[in-house]
Each structure stands twice: as C-alpha cells, then as structure tokens.
Amino acid sequence: MTSSISNTSETMILSGNWAACYGAKQAQVDLISAFPITPQTEILEKMAELIASGEMDARYVPAESEHSVMSILIGASRAGARVFSSTSGQGLMYMAETVQWAGRGRIPMVMCICNRSVGEPAGMMPDHDDSMTMRDPGWIQYYCETNQEVLDTVLQGFRVTESIHTPVMPCLDGFYLTHTYEPVEIPPVDRVASYIPKDIDSRPRIDPQNPYSFGWPVQPQSKDRFEHYLIVDLAKKAALEADEEFGEIFGRSWGIVEPYRCDDAELILVALGSMVSQCRMVADRDREKGRKTGVLKIRLFSPFPKEEVSRILSGARKVAVVNRGYSYGHGGQLTLELRSALYESGVRTPTYDFVVGVGGFDVPANIIQDIADYCYEKDPPQFKSIWMGVPSL
Amino acid sequence: MIIDTGETRRVVSFDCEMPVNESLRPGHTACAGCGAAISVRMVLKAMGSDVAVIMPSGCMIFPLMISKLPSFMGPLPAHASFAAGLKHGLEVIGNDHTEVLAFSGDGGTFDIGLQALSGAVERDDDFIFFCYDNEAYMNTGIQRCSSTPLGAWTGNVLSKPTPKKDIMAMMAGQSITYAATVSIAYPADFLRKLTKARTIKGTRFFHVLACCPTGWRYDPELTVELARWAVQSRLDPLYEIEHGEYVALQVSPKKVDVSDYLKAQKRFAHLRNEEIVQINENVDHAWERLLRVSANVESLPY
C-alpha cells in the first residue's frame with residue numbers, strides 16, 4: 001500500500017477492467033466480492049492480485065455465485081465497510097433479487113457492469129440489455145465512453161453513493177472498453193481520500209452498542225418508497241456536484257450529459273457508452289460534408305437528466321437515438337426515456353428509434369453513418385423501431 | 001444498548017444454569033406453542049448481547065424483528081451470504097468481537113438457502129447458522145419442503161413420497177468446523193452446545209426440530225413433549241460434528257416408539273400400518289449408522 005501513495009498522478013496503460021480496479025484501489029475500498037463471468041473476470045483477478053501483493057489493503061471474499069456476491073456486499077456495507085464489485089450479463093440476471101434489495105434498501109456500494117448480452121441464445125459480446133433490466137430499483141447508472149471515464153466514475157460513484165446512500169452502477173461495454181487498453185491517469189490516494197473521505201458515510205449501521213433494525217416487513221402505509229423517490233430525485237444534483245468537485249480537485253470532469261457539436265446542429269445523435277465515439281466520428285465527417293450533425297452523450301442514465309436532455313435537443317430539427325439495447329414490445333430503452341423527457345418539456349422534435357448491436361454484433365462508424373444518412377433522407381417511421389446493421393446470413 | 005450481565009439462574013427441572021438475559025421481547029406474534037420461538041429465545045439467551053442477527057422470510061421474523069439486537073432481514077436464498085458479508089464487514093472496520101447469528105427455517109436451509117449456506121461453510125466464514133426446522137414452509141402456510149419427512153401431509157402434497165434430506169450429513173460432507181443438533185426438550189444440552197460454539201471460530205451450524213402445532217396439527221401444549229418424544233424415539237438424535245467427524249452422540253435413556261410420535265400428530269393420521277413400519281425401519285437404520293460413526297456416546301439425564 002505504502003509504495004503507491006504519492007502526490008502526483010501516474011499514467012498507466014490500462015484496460016477498462018483494470019481502470020475499474022485502480023478506481024476501487026485508489027478509493028481504498030474495504031472489501032470486494034465477485035464471481036467470474038466474461039468479460040468482467042479480469043476485474044476480480046486483478047483485485048485479488050493487488051490485494052495478495054499488498055498493494056491494496058482490502059479483503060477479497062470469493063463467493064459461490066453472483067447472488068451471494070451482492071448479499072455479501074449488502075452485509076458488509078451494513079456493517080459500515082466501503083464495498084465494490086462487478087458483474088456482467090447473466091451474472092446480473094442471477095444477482096437480480098439482491099440488486100433490487102440493495103437499490104430499494106439504499107445500500108451504499110459501487111458495482112461496475114461490464115455489459116454483455118443476455119441469453120437465450122447465449123452470447124458473450126456487449127449490449128445494454130443486462131444493465132437496462134436494473135433501471136428501476138433506484139441504482140444510479142452511468143455509462144462510460146473511455147477507460148479514464150471508468151476510473152473516474154468509480155471514484156465519483158463512491159462520492160455519490162456515500163452522500164445520498166444509494167448504490168451506483170458504472171457501466172462499461174464488454175470488450176470495447178473492458179479489454180481495450182488506453183492511457184489512464186491514476187490520481188494519488190491522498191487526493192482521492194480528500195475527495196471521498198471515509199467519514200462522509202453517516203448512515204446508521206449494524207452495531208450492538210447502538211442497535212438498529214433494517215429491512216424487516218413494514219406496513220403498506222410505510223413512506224419508505226416515497227422517501228426513496230425523493231432521494232433518487234436528488235441523485236442528479238449529487239452526481240453534478242460530485243463531478244464538479246472532481247473537476248476542481250483532479251482537473252477533469254465529464255458532466256452528466258455531454259453535447260458535442262450540438263450548438264447549431266440539425267441532427268443530433270444520442271447514445272450511451274463506447275458507441276458515442278463512433279457517433280463523434282460521424283458528426284466530424286458530416287461537418288466536413290457540410291451537414292450539421294451533433295452528438296449528445298448521456299453519461300448519467302438513471303436518474304435520467306430530463307431537463308438537460310430536453311434543453312440540448314430543443315434546437316435540433318431531428319433526433320436519432322442510437323440504442324444498444326431493446327425492450328421488446330416497447331422500443332430502445334434510451335428512446336423511451338428520451339421521448340418521455342421531450343414530451344414532458346413540450347419539445348416535439350421528430351425522434352428516430354434506432355437499434356444496433358443488440359446481441360453483441362459490432363457497430364463500426366459506417367453503421368452510425370447509415371443512421372445519419374437515413375435521418376437526412378427520411379422522416380421517422382411512425383410506431384416503429386429501425387434495426388440497423390443486422391448481420392445477414 | 002443492551003447490557004448482558006452474564007447472570008444465570010439455576011433451573012432445577014432442566015438441571016442447568018439458565019442465563020437471565022432476554023434479547024427477545026414479550027408480546028411477539030408467533031403461534032401459541034411455537035417450538036421455533038422457544039429455540040430462538042434459548043439461542044439468544046446463550047449468545048449474550050454482543051450479537052447481530054440476520055433472518056430471511058420465515059416465521060421467526062415476528063419475534064426477531066422486535067428483538068433488542070441489531071438485525072436485518074434478507075431475501076430467502078441469501079441470508080447465509082448476508083451473514084458472511086456482515087461478519088467480514090465488521091472485521092474490516094475493526095470489530096472482531098461481535099458474533100453474527102443467522103436464523104433460518106427449513107426452506108432457507110434445506111432448499112432455497114442451501115447454495116449460500118454451502119458456499120459459506122466451504123469458505124469457513126465466521127458466523128453461527130441456526131436452522132429451526134418445522135418441516136414445511138410454515139410461514140407461507142404448510143407447503144412441502146425437502147425437510148418434510150416421509151409420509152407427512154402438507155398443503156401441496158398429501159403424503160410426502162420421499163424421506164427428509166439429511167442436512168447434517170451434508171454439513172459433515174463439507175467438513176464443517178462445528179455442527180450440532182439441539183432440542184428444546186433438552187435445554188442443558190442446548191445451552192452447552194451454543195456456549196461451546198461461541199468459543200469456536202468458523203462456520204457453526206445448528207439444527208433444531210421446531211415442533212409446530214399449526215402445521216403438524218396437534219395440541220399446542222404438547223410442543224416440548226413432542227420434541228422430547230422425537231429424541232427418545234431416536235427420530236431426532238442429538239449429536240455433534242467437528243471438522244466433518246461425528247464426535248459425540250447424546251443418548252436418552254428412555255425409548256418412546258416412533259409410532260407414538262407419529263400418532264400424536266394429525267399430519268400423519270392417514271398413514272397405513274406398513275408405512276409406519278417403514279418409517280420405523282428408516283429411523284432404526286439411521287440410528288445404527290450414527291452409533292457406528294460416532295466417536296463418543298454420552299448419556300442424557302432423561
């Protein structure tokens with residue numbers, strides 16, 4: 001542990017998985033638990049290695065299933081420990097009951113989701129159908145574009161989770177981020193400690209000297225659910241503050257949404273995660289061709305930043321939502337959120353519901369280019385999603 | 001904060017020193033004659049006040065949710081892992097003294113909770129898991145469980161066609177640090193085993209046959225009597241396992257017939273004679289095996 005404490009940041013070439021690990025390491029987590037599943041497995045291996053080598057002072061509890069991983073985290077967090085984990089795809093599905101429990105129980109923790117498609121049929125490549133199923137129980141969800149953002153979001157996640165007592169889920173696309181290496185700046189432990197001191201977490205905990213009870217059955221008249229609503233509603237503010245203060249301390253911030261070349265844009269592409277980079281490429285190419293294309297990156301997905309999204313999109317002529325997940329019978333999850341926000345704010349910009357990469361197929365920039373071309377040529381079809389780039393047999 | 005002075009009072013009829021400390025409050029809503037509630041009260045007496053309690057859905061949420069101890073509830077499959085996590089969490093923040101106690105019914109132990117329990121036992125996580133086995137899902141209203149005995153009536157199976165799972169053998173098969181069966185009819189033995197467990201580090205498993213007047217269909221006043229008959233008929237043997245070895249078997253002197261135990265409960269009222277003979281043979285067979293594998297045989301006073 002001692003060797004890594006310094007006042008200066010260190011830059012390393014890290015995969016997204018390792019960036020998540022170094023985030024947890026610099027946050028000085030007390031306990032991690034995880035269960036192997038591709039593409040997340042490297043996280044638990046790296047964490048175990050950092051702990052075994054003494055570089056990190058934490059306890060690693062190898063669980064026999066994801067269901068137990070989350071249960072162990074809940075137990076340890078109830079004791080007052082700072083806890084971290086990660087999972088993917090089916091792992092999140094198996095964990096679901098306890099993920100709901102942690103969200104509704106408002107248990108502070110950070111758990112990275114290395115996005116992976118959900119069976120059947122089984123698949124290993126990324127889409128957002130795993131994390132999207134956990135939109136509802138009150139977890140704060142971020143989607144990351146780069147490995148630096150992964151590390152920073154883990155740190156910001158601890159800031160948010162311990163200040164408003166609601167768990168945080170940074171999502172990173174499997175393989176595109178988890179297994180891709182980028183230079184990542186690792187902030188020093190002492191500066192991180194000033195950003196997320198361990199005493200900001202003031203919630204009651206399990207302590208025989210001061211006994212509290214949690215989670216027991218309550219009368220339906222209980223106002224826990226309403227209070228939960230009020231807290232999650234505050235989470236956007238907490239996320240904004242966490243990001244702003246992060247910027248002041250570390251000289252970098254990401255915003256909860258990021259408009260790219262949106263000011264005069266006629267068409268705005270809206271996306272989550274690593275795919276935002278392909279959208280940026282298309283916007284740049286379109287600008288060279290004289291087409292006014294912009295990009296809106298949604299970093300904070302839950303709670304959905306309705307006001308910011310509506311404000312940025314209100315000036316555009318058309319909005320193309322590029323989803324990497326799909327709610328069957330409804331539409332792309334991001335489209336549903338976005339249309340709801342636009343409707344509420346009275347913005348009636350034509351919105352296209354594009355679906356790409358579901359099941360994990362690759363989405364290179366040319367598919368995003370096809371999407372932009374489609375929007376410039378055609379009006380949005382009514383009551384239909386547009387699946388693009390579906391591999392043909 | 002509760003202060004356990006460690007004071008005890010001699011109970012002559014039990015031939016033991018009973019702790020005065022009460023962590024359970026009066027007025028809880030368990031059924032009259034509930035064997036599980038008696039066992040939970042005994043456990044909490046034995047454990048003192050430096051304890052945290054975990055409990056999934058089950059009958060004992062009603063007494064435990066109003067206990068004087070810090071506690072939390074978890075979903076049914078997860079509480080062994082909740083308990084393991086709580087103990088690890090307490091340790092990493094510097095509390096190495098608080099004992100973590102996970103209660104569970106038979107469903108959360110034999111069936112849906114088995115994976116988490118098995119994982120914790122294999123990791124030798126440091127907590128006590130106490131299973132009050134009322135042999136059906138009594139909190140949801142008497143449904144078949146893998147702990148339901150051969151021939152018993154439940155709300156969804158009229159006469160269970162297969163025998164009860166041997167959870168203790170499964171614990172032994174995992175070389176568990178310590179496991180013991182206890183009975184509410186033998187409080188001295190019950191307290192001795194819990195007190196012994198407090199001195200051991202690692203996963204400690206307890207099983208009590210929790211007689212249930214509501215689900216077994218008998219007069220509530222017979223609860224302790226039935227528990228005693230279960231031990232005396234060899235149907236509910238009392239024994240201890242250490243590191244997977246059967247180290248001691250506690251034998252009661254008086255043998256009641258298994259059929260007396262069965263006939264006292266309406267859940268077995270439909271059994272034909274040959275079925276009772278079969279159950280008797282199974283009990284004898286299990287008892288002979290226990291006698292064979294046990295390193296020591298000890299005597300119970302009654």
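For clarity, every value in this text was computed on a predicted model and none was experimentally measured. Chain A is the first sequence line, chain B the second, and so forth, proteins listed ahead of strands; every chain is numbered from 1.
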Original post:
Can you name the closest pair of heavy atoms from B/Lys193 and B/Val182 and give their distance?
Top reply: CD-CG1, 3.7 Å
Tell me, out of [options], who's got the most heavy-atom pairs with chain B below 4.5 Å.
options: A/Gly80, A/Ala58, A/Pro62; result: A/Pro62
options: A/Ser77, A/Gly105, A/Ala63, A/Ala76; result: A/Ala76
options: A/Trp216, A/Phe214, A/Tyr212, A/Trp101; result: A/Trp216

Original post:
Checking side chain to side chain contact (heavy atoms under 4.5 Å, CB included) for the pair A/Met95/A/Ser65: CA distance, chi angles, key distance, verdict?
Top reply: CA-CA 8 Å; A/Met95 198 188 262; A/Ser65 71; over 6 Å; no
Of the listed residues ([options]), which shares the most heavy-atom pairs with chain A below a 4.5 Å separation?
options: B/Gly74, B/Ala80, B/Ala84; result: B/Gly74
options: B/Leu86, B/Ile61, B/Thr98; result: B/Leu86
options: B/Ala120, B/Gly89, B/Ala83; result: B/Gly89
options: B/Ser57, B/Pro77, B/Pro75, B/Gly119; result: B/Pro75

Original post:
A/His165 and A/Arg203: side-chain donor and acceptor closer than 3.5 Å?
Top reply: no
**OP:** Just say parallel, tilted or perpendicular for the rings of B/Phe110 and B/His207, cut-offs at 30° and 60°.
**Re:** perpendicular
**OP:** Could you tell me how the ring of B/His79 sits relative to the ring of B/Phe129: parallel (under 30°), tilted (30 to 60°) or perpendicular (over 60°)?
**Re:** tilted
**OP:** Check whether any side-chain heavy atom of B/Pro213 sits under 4.5 Å from a side-chain heavy atom of B/Thr223, and report yes or no.
**Re:** yes
Original post:
Okay, side chain of A/Glu97, backbone of A/His67: is any donor-acceptor separation there less than 3.5 Å?
Top reply: no
Original post:
Given that the side chain runs from C-beta out, which part of A/Ile206 has a heavy atom under 4.5 Å from chain B: side chain, backbone, both or neither?
Top reply: both
**OP:** Give, as side chain, backbone, both or neither, the part of A/Pro204 having an atom under 4.5 angstrom from any heavy atom of chain B.
**Re:** neither
**OP:** Would you mind checking which part of B/Leu64 comes under 4.5 Å of any heavy atom in chain A, side chain (CB onward), backbone (N, CA, C, O), both or neither?
**Re:** both
